[in-house]
2 protein chains.
Amino acid sequence: MLDNTDKNILEELSKNSRLTMKELGEKVHLTGPAVSARVAKLEDQGIIEGYAIKINPAKLGLFVHAFITIITQSTNHQPYLSFLKSQEQYIIHHYKISGDGCYLLECRFPSNEKLNDFLEALNHYANYKLSIVINEK
Amino acid sequence: MLDNTDKNILEELSKNSRLTMKELGEKVHLTGPAVSARVAKLEDQGIIEGYAIKINPAKLGLFVHAFITIITQSTNHQPYLSFLKSQEQYIIHHYKISGDGCYLLECRFPSNEKLNDFLEALNHYANYKLSIVINEK
DNA sequence: GTGTTTTACTTTATTTATGAAAGGAGTGCA
DNA sequence: TGCACTCCTTTCATAAATAAAGTAAAACAC
C-alpha cells in the first residue's frame, strides 16, 4: 500500500509540513509535481488527515499538564459529559477506555489553582484519579 | 502578549497549517506580507514550535491505542528505559508522572497480539496497568 | 505641544513555487 | 508485438512568497 517514498514523505511532513513541494521533492528524490501528486493521493486515501501546528503550551500560559482517570458513580454519564462540555478550554483529549476507569482525560491548566477548581467541580459528577505530568520522556 | 489577530492566526493554522500566507491573511484581515511577518514572530517567540501532519493511524495498520501506567519495581529505572528505547516504534508519548505510577505511556499497536508481546516483555522490567482506548470523545 | 522613534501595516516589484499539460519510460498482459 | 496503465519528468502559465520602500498611528522624550 505504501512504498518507501510514501513513508519518507510522511516522515518529512511530520517534521515540517510547510515544506514546499519542491523542497519535499528534493528530500525524497522526486520532482515537485511528482511529490505533489503523491501527497494528493495520501490525502485522498485519508492517510493524511490534515495539517497542524505544534504550539508550545507553556508560552500560552498552560503550565499544568494532567491525565485524569474518571470513574463515574452513576450509570447515566450525561451529567458528566455535559459538565465536560462546559470545560472544553482545558480538555485536550477525552477517551473512553477499558481498564481502571470509564474515561481518560488529558488536560492542560494555567495553574494548580485552576486544576483544583476543575477537580472540585468534577467531583460532583464523578470520582477520579489524578496524574500530573512532570516531564515528557 | 498575544492579541486577537495572533490568536486567530494560531487557530487557523491549527485547522490547516498549509494555508498560503495570502489565504491566511484573508481570514484574519491582513495582507500576505503582514500575516507572514506575524507568523515569523510567533515562530521566533517559540509559540509556534513547528508544523506537522495529522496521520490516520488505522490507515497505517495501527488499530490498538493504549495507555499504560508503569510502576517500576526497582529504584534503578535504566533497564526499563533501555527496554523502551528498543520499542520506540509503538511509543507515541512517554511521560514521567506524579500519582499512581512512575510513568505513563501512550502507545499504538497493530494488534492485540503485538500489545500482548509488548506487555510480556515489559513485565520483565516493571509492573503496569493497562487502559485501552475504545473511542475518542 | 512638537519632533523623533518605533511598530505595524500596505504597496510594489522581483523571485520562487504551484499546478496543468504534454510526453516518455517501465510494467503487465492479451 | 502492441496496447493500456502507472509513474515519472519537462515545460510553461499562473499564483504566491519575499524583499524593499513608503505610510500612518502610537509611544516617548524634551
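Values reported hereafter were calculated over all heavy atoms of this structure, with side chains retained and with hydrogens, waters and symmetry mates removed.
Ring orientation note: the planes of F118(A) and Y90(A) are nearly perpendicular, at an angle over 60° on the 30°/60° scale. Using bins of under 30°, 30° to 60° and over 60° for the plane-to-plane angle, the ring pair H94(B)/Y103(B) lands in the tilted bin. The aromatic rings of H65(B) and F67(B) are tilted relative to each other, their planes meeting at an angle between 30° and 60°.
Distance L19(A) CG to dA17(D) P: 15 Å, rounded to the nearest Å. Atom CE of M21(A) is separated from atom C1' of dA17(C) by 11 Å (rounded to the nearest Å). Computed from coordinates, the D3(A) CG to dT6(D) P distance equals 15 Å when rounded to whole Å. In this structure, CD of E23(A) is placed 14 Å from C1' of dA16(D), rounded to the nearest angstrom. Straight-line distance from the CG atom of D6(A) to the P atom of dT6(D): 15 Å, rounded to whole Å. Rounded to whole Å, atom P of dA17(D) lies 14 Å from atom CG of L30(B). Whole-Å rounding puts the L24(B) CG to dT18(D) P distance at 13 Å. Regarding E43(A), its CD atom lies at a distance of 14 Å from the C1' atom of dG19(C), rounded to whole Å.
In this structure, the nucleotide among dG19(C), dT18(D), dC8(D) sitting nearest to the side chain of P33(A) is dG19(C). Listed candidates were dT18(C), dC8(D), dA17(D). Nearest to the side chain of K22(B) is dA17(D). When distances run from any side-chain atom of R38(B) to the nucleotides dC8(D), dA20(C), dC9(C), the shortest one goes to dC9(C).
Listed for the K59(B) side chain is a donor-acceptor partner under 3.5 Å among the backbone atoms of Q45(A).
Counting non-hydrogen atoms under 4.0 angstrom, T31(A) reaches a base of the nucleic acid.
Taking for each of R18(A) and K41(A) the nucleotide of DNA chain D with the nearest heavy atom, the 5'-most of the two is the partner of K41(A).
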